[in-house]
Novice: 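What follows is a single structure, and I will ask about it in a moment.
Residue numbering restarts at 1 for every chain, and letters A, B, ... go by the order of the sequence lines. Quick note: numbers below take in every heavy atom, side chains included, and nothing from hydrogens, waters or symmetry partners.
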Amino acid sequence: MDNYEKITELGRRRGFMWPAFELYGGAAGFYDYGPLGATLKRRIEDTWRQFFVIQEGFAEIEAPTIGVEGIFQASGHLSGFSDPLTGCKECKEVYRADHLIKHIIEVPDALSNEEIYKVIQENEVACPECGGELSEVYEFNLMFKTMIGPGNKTQGYLRPETAQGMFINFPRLLRYFRDSLPFAAVQIGKSYRNEISPRQGVIRLREFTQAEAEIFIDPRDKTHPKFDQVKDISMKFYSQAAQEKGEPEEMTFGEAVGRGIVAHQTLAYYVARTYQFLLAVGVSPERLRFRQHKSDEMAHYAADCWDAEVLLDHLGWIEIVGVADRTDYDLKAHAAQSKVSLTVFVHYDQPVKRKKLVVKPDMKALGPRFKGQAKTVAEALKAMSVEDLKGDKIIVQVGGEPVEIDPSLVSYETVVEEIRGEEIVPHVIEPSFGIDRIVYTVMDHSFYEDVVDGEPRSVLKFNSKVAPVDVAILPLMDRDVLVKPSKAVLDGLRSRGIRVDYDTSGSIGRRYRRNDEVGTPYCVTIDYETLEQGTVTIRDRDSMKQVKLDAQRLIGVLEELLAGDRKFLDAGVPVVALAAKEQ
RNA sequence: GCGCUGAUAGUGUAGCGGUUAUCACUAGGCGUUGCCAACGCCUAAACUCGGGUUCGAAUCCCGAUCAGCGCACCA
């Protein structure tokens with residue numbers, strides 16, 4: 001049994017995660033998070049909010065998970081996200097239909113499915129495996145389709161990424177941020193992809209959670225004001241060059257940008273923030289690297305892209321975050337599709353003065369004369385230069401015919417206008433996090449087993465920032481005299497918002513093990529000394545050491561321990577193992 | 001989607017034509033136990049689903065679903 005099996009088994013058994021719909025036979029690619037898993041996931045998302053919403057000042061929004069067709073026409077998901085497939089009627093093998101005719105047609109992408117099938121038939125393309133006949137070409141789109149309202153009139157799709165919700169809200173977000181760059185919006189939510197073959201538990205799901213930030217920046221300046229704060233952090237960079245050698249290179253962010261390994265400061269800054277976030281939730285730096293996309297795997301519009309990859313038991317290196325410079329691709333695509341300009345007006349430091357010719361056709365005279373053509377004539381006149389206008393007669397082309405216009409019908413003047421700025425399309429830096437994969441990674445990287453007094457012990461060494469249970473209250477014995485004060489302690493901690501579990505079942509050692517297995521950082525025992533001297537014992541998950549302290553101080557001390565503001569051995573009087581005391 | 005392998009209590013498993021469906025752990029109760037998976041007694045809990053073969057199917061056959069692995073896919 002490898003760790004992967006142990007962790008998935010523990011996840012099922014102790015209430016972290018399991019395949020969904022088990023009661024009805026299940027469906028591949030869907031998972032439930034149980035009581036502990038849902039809390040772990042929520043706390044990881046909350047830590048993400050701490051980093052990106054609170055510390056970076058990004059705006060969190062919530063857009064629908066269903067989108068209308070236009071969005072995905074613009075984003076490319078409707079065309080690019082679907083593949084034409086064909087199958088062999090003999091051996092049932094499935095192929096990309098367009099790939100099979102690459103040698104016949106130069107640009108098979110441009111063909112419809114019917115056309116591809118026609119090419120296959122006319123050229124007698126057969127199954128490359130067995131030579132059998134190929135079936136008709138059908139579309140497999142990775143988006144879930146649905147109807148909006150009755151009557152099949154409006155086609156909707158479940159979003160394949162949360163990003164589009166930020167792009168299409170660009171105009172409102174821009175107003176919200178008072179028309180200036182840079183600004184950013186984030187979304188944490190479900191996305192849906194109808195994967196052909198979901199595998200590996202929570203790693204490849206059909207419904208999954210993303211946390212994405214879209215950071216809109218001025219393309220002319222990709223430095224970052226806070227880059228100094230991260231420039232000395234050192235990390236494993238697995239750049240394109242390093243991948244040639246097969247060995248990641250450890251260096252600081254300052255060096256990575258200086259040597260041109262990361263495209264610019266802003267991208268590097270968010271890679272650094274991603275790195276800090278991952279460490280904060282408990283990803284092991286030894287099993288983490290940032291891999292740069294190779295030029296051939298990078299989306300054609302992306303300027304640079306770095307994936308955070310983690311090493312997982314049994315699964316190998318898995319991508320959990322992508323940080324990309326998507327340039328102006330998305331905003332331009334939506335502007336073209338929606339016919340709405342998605343730009344920011346950027347003010348110049350100094351207004352630029354420029355001479356401009358203003359042509360004023362006399363529409364009162366031109367209108368009756370040209371009727372329906374009048375507008376075309378006026379437009380042609382406005383486009384003319386001074387040279388064209390200052391002669392005795394003016395000739396314009398209307399529908400290919402030269403038409404003479406009397407100069408008295410056209411006035412013009414040269415004015416000096418001040419240009420105070422220009423409309424620019426921002427570039428977008430996108431850190432995109434796969435939350436489900438991060439949740440599993442935190443479990444994998446937190447898991448370890450050791451042997452205590454000849455007995456095995458499994459531990460999830462969760463950071464107290466993300467642990468689903470903060471503290472377990474354990475009466476030493478399940479007796480009324482101990483249960484009553486334990487319940488009082490329980491209520492006291494709960495009223496302070498601490499996540500507390502209460503367990504009286506089985507021996508104290510068994511209960512410690514149970515809590516180790518789900519990663520509870522601290523256990524508090526209530527014993528007979530609590531009754532006599534008013535003390536309680538805190539037991540530390542990682543060292544298994546214990547301290548005794550006055551029960552009055554418990555809440556404050558626990559809060560400090562959980563926040564990382566106090567060392568465990570300073571929390572009270574260290575307890576020597578009881579067995580030793582007896583002797 | 002294709003191929004191979006598999007599916008039995010909460011978990012891990014035994015059984016491979018006729019069993020009261022095995023065992024361990026876990027869980028619940030009682031007793032005992034004074035700080036790291038102690039012990040005793042008791043209790044609860046399963047053959048993935050649908051067809052077929054057979055007097056009789058957890059067991060054999062077919063199909064579906066799910067899972068693992070390989071192929072393909074992964075904008």
Novice: Which whole number of Å gives the distance between the P atom of B:A44 and that of B:G12?
Specialist: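 My reading of the P atoms in B:A44 and B:G12 gives 23 Å.
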Novice: Just how far, in rounded Å, is P of B:A75 from CZ of A:R193?
Specialist: 8 Å
Novice: Classify A:E22 by what it touches in the nucleic acid, base, sugar-phosphate, or nothing, heavy-atom distance under 4.0 Å.
Specialist: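 The answer is nothing, as A:E22 stays clear of every strand by at least 4.0 Å.
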Novice: From the set B:A37, B:C36, B:C35, return the single nucleotide nearest to any side-chain atom of A:M544.
Specialist: B:C36
Novice: When you compare B:A64 with B:G56, how far apart are their C1' atoms, in angstrom units rounded to a whole number?
Specialist: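 It comes out at 25 Å once rounded to the nearest Å.
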Novice: Calculate the interatomic distance between A:L10 atom CG and B:C25 atom P; express it in whole Å.
Specialist: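 Interatomic distance, CG of A:L10 to P of B:C25: 19 Å.
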Novice: Between the base of B:C73 and the side chain of A:R204, is there a donor and acceptor pair under 3.5 angstrom?
Specialist: yes
Novice: Using atom CD of A:E517 as one end and atom P of B:C25 as the other, report the distance to the nearest whole Å.
Specialist: 16 Å
Novice: Across all strands shown, which nucleotide pairs with B:G31 by Watson-Crick or G-U wobble geometry, both distances under 3.5 Å?
Specialist: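 Because both required distances fall under 3.5 Å, B:G31 counts as paired with B:C39.
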Novice: Please identify which of these residues, A:M443, A:H445, A:R287, meets the side chain to side chain contact (heavy atoms under 4.5 Å, CB included) condition with A:L312.
Specialist: A:H445
Novice: Can you tell me if A:H314 touches the phosphate of B:G68, counting only side-chain N or O atoms and a distance under 4.0 Å to OP1 or OP2?
Specialist: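 Answer no for this pair, as no side-chain N or O of A:H314 is under 4.0 Å from OP1 or OP2.
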Novice: Using the P atom in both, what is the distance from B:G34 to B:A38, to the nearest Å?
Specialist: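 The same atom, P, in both gives a distance of 14 Å.
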Novice: When the ring planes of A:F72 and A:H77 are compared, do they come out parallel, tilted or perpendicular, using 30° and 60° as the limits?
Specialist: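 Taking A:H77 first and then A:F72, their aromatic rings stand perpendicular (interplane angle over 60°).
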Novice: Using a 4.0 Å heavy-atom cut-off, does A:G201 contact any base of the nucleic acid, only the sugar-phosphate backbone, or nothing at all?
Specialist: sugar-phosphate
Novice: Report yes or no: is there a donor-acceptor pair, N or O only, under 3.5 Å between the side chain of A:D453 and the base of B:C36?
Specialist: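 By the distance-only test, no, there is no pair.
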Novice: Provide the Watson-Crick or G-U wobble partner of B:U11, both distances under 3.5 Å; none if there is no partner.
Specialist: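 B:U11 is paired with B:A24.
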Novice: At under 4.0 Å between heavy atoms, what does A:P456 touch on the DNA or RNA strands: base, sugar-phosphate, or nothing?
Specialist: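 Base, at least one base atom sits under 4.0 Å.
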Novice: Looking at B:A67, which nucleotide sits across from it as a Watson-Crick or G-U wobble partner, both distances under 3.5 angstrom, or is there none?
Specialist: B:U5
Novice: The side chain of A:E161 lies closest to which of these nucleotides: B:A67, B:U26, B:A75?
Specialist: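 It is B:A75.
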Novice: What is the base-pairing partner of B:U54, counting Watson-Crick and G-U wobble geometry with both distances under 3.5 Å?
Specialist: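 The answer is none; no pair meets the criterion.
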Novice: Can you tell which of B:G68, B:U26, B:G28 lies closest to the side chain of A:Y4?
Specialist: B:G68
Novice: What about A:T537, does its side chain sit under 3.5 Å from the base of B:C35 through a donor-acceptor pair?
Specialist: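 Side chain to base: pair found, below 3.5 Å.
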Novice: What do you reckon, is NZ of A:K461 surrounded by more than 12 foreign heavy atoms closer than 6.0 Å?
Specialist: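 No, not enclosed.
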Novice: Where does the angle between the aromatic ring planes of A:F30 and A:F144 fall among parallel (under 30°), tilted (30 to 60°) and perpendicular (over 60°)?
Specialist: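 Answer is tilted, since the angle falls between 30° and 60°.
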Novice: Once hydrogens and angles are ignored, does a donor-acceptor distance under 3.5 Å link the base of B:C35 to the side chain of A:R539?
Specialist: no
Novice: Is it true that the NZ or CZ of A:R291 lies under 6.0 Å from the centre of A:W306's six-membered ring and within 45 degrees of the ring axis?
Specialist: no
Novice: Is A:Y24 side chain donor-acceptor paired with the B:C49 base, going by distance under 3.5 Å alone?
Specialist: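 In this structure, the two groups form no donor-acceptor pair.
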Novice: Taking the P atom of each, how far is B:U8 from B:U32, in whole Å?
Specialist: 40 Å
Novice: It should be established whether A:S197 places a side-chain nitrogen or oxygen under 4.0 Å from OP1 or OP2 of nucleotide B:A72.
Specialist: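 For B:A72, neither OP1 nor OP2 has a side-chain N or O of A:S197 closer than 4.0 Å.
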Novice: Taking pairing as Watson-Crick or G-U wobble with both contacts under 3.5 Å, can you name the mate of B:A72, or confirm there isn't one?
Specialist: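 Here B:A72 is not engaged in any pair, so there is no nucleotide opposite it.
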Novice: With nearest nucleotide decided by heavy atoms, which residue, A:G506 or A:G25, maps closer to the 5′ end of RNA chain B?
Specialist: A:G506
Novice: Give the nucleotide from the list B:U33, B:C35, B:U11 with an atom nearest to the side chain of A:R13.
Specialist: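 Closest of the options to the side chain of A:R13: B:U11.
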Novice: Please state whether the phosphate of B:A67, meaning OP1 or OP2, lies under 4.0 angstrom from any side-chain nitrogen or oxygen of A:R199.
Specialist: no
Novice: What integer distance in Å separates A:L23:CG from B:C49:P?
Specialist: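 Distance, rounded to whole Å: 12 Å.
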Novice: Taking the six-membered ring for Trp, are the ring centroids of A:Y33 and A:F16 within less than 6.0 Å of each other?
Specialist: no
Novice: Answer yes or no: are there more than 12 heavy-atom neighbours, outside A:D453 itself, under 6.0 Å from its atom CG?
Specialist: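 Atom CG in A:D453 is not packed in, count stays at 12 or less.
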Novice: Name the closest nucleotide to the A:E9 side chain, picking from B:U11, B:G68, B:A75.
Specialist: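 Looking only at heavy atoms from C-beta outward on A:E9, the closest nucleotide is B:U11.
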Novice: Under 4.0 Å between any heavy atoms, over every strand shown, what does A:E5 touch: base, sugar-phosphate, or nothing? Just pick one.
Specialist: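 It contacts nothing in the nucleic acid.
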Novice: Using only heavy-atom distances, decide whether a donor-acceptor pair under 3.5 angstrom links the side-chain of A:R12 to the base of B:G12.
Specialist: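 There is none.
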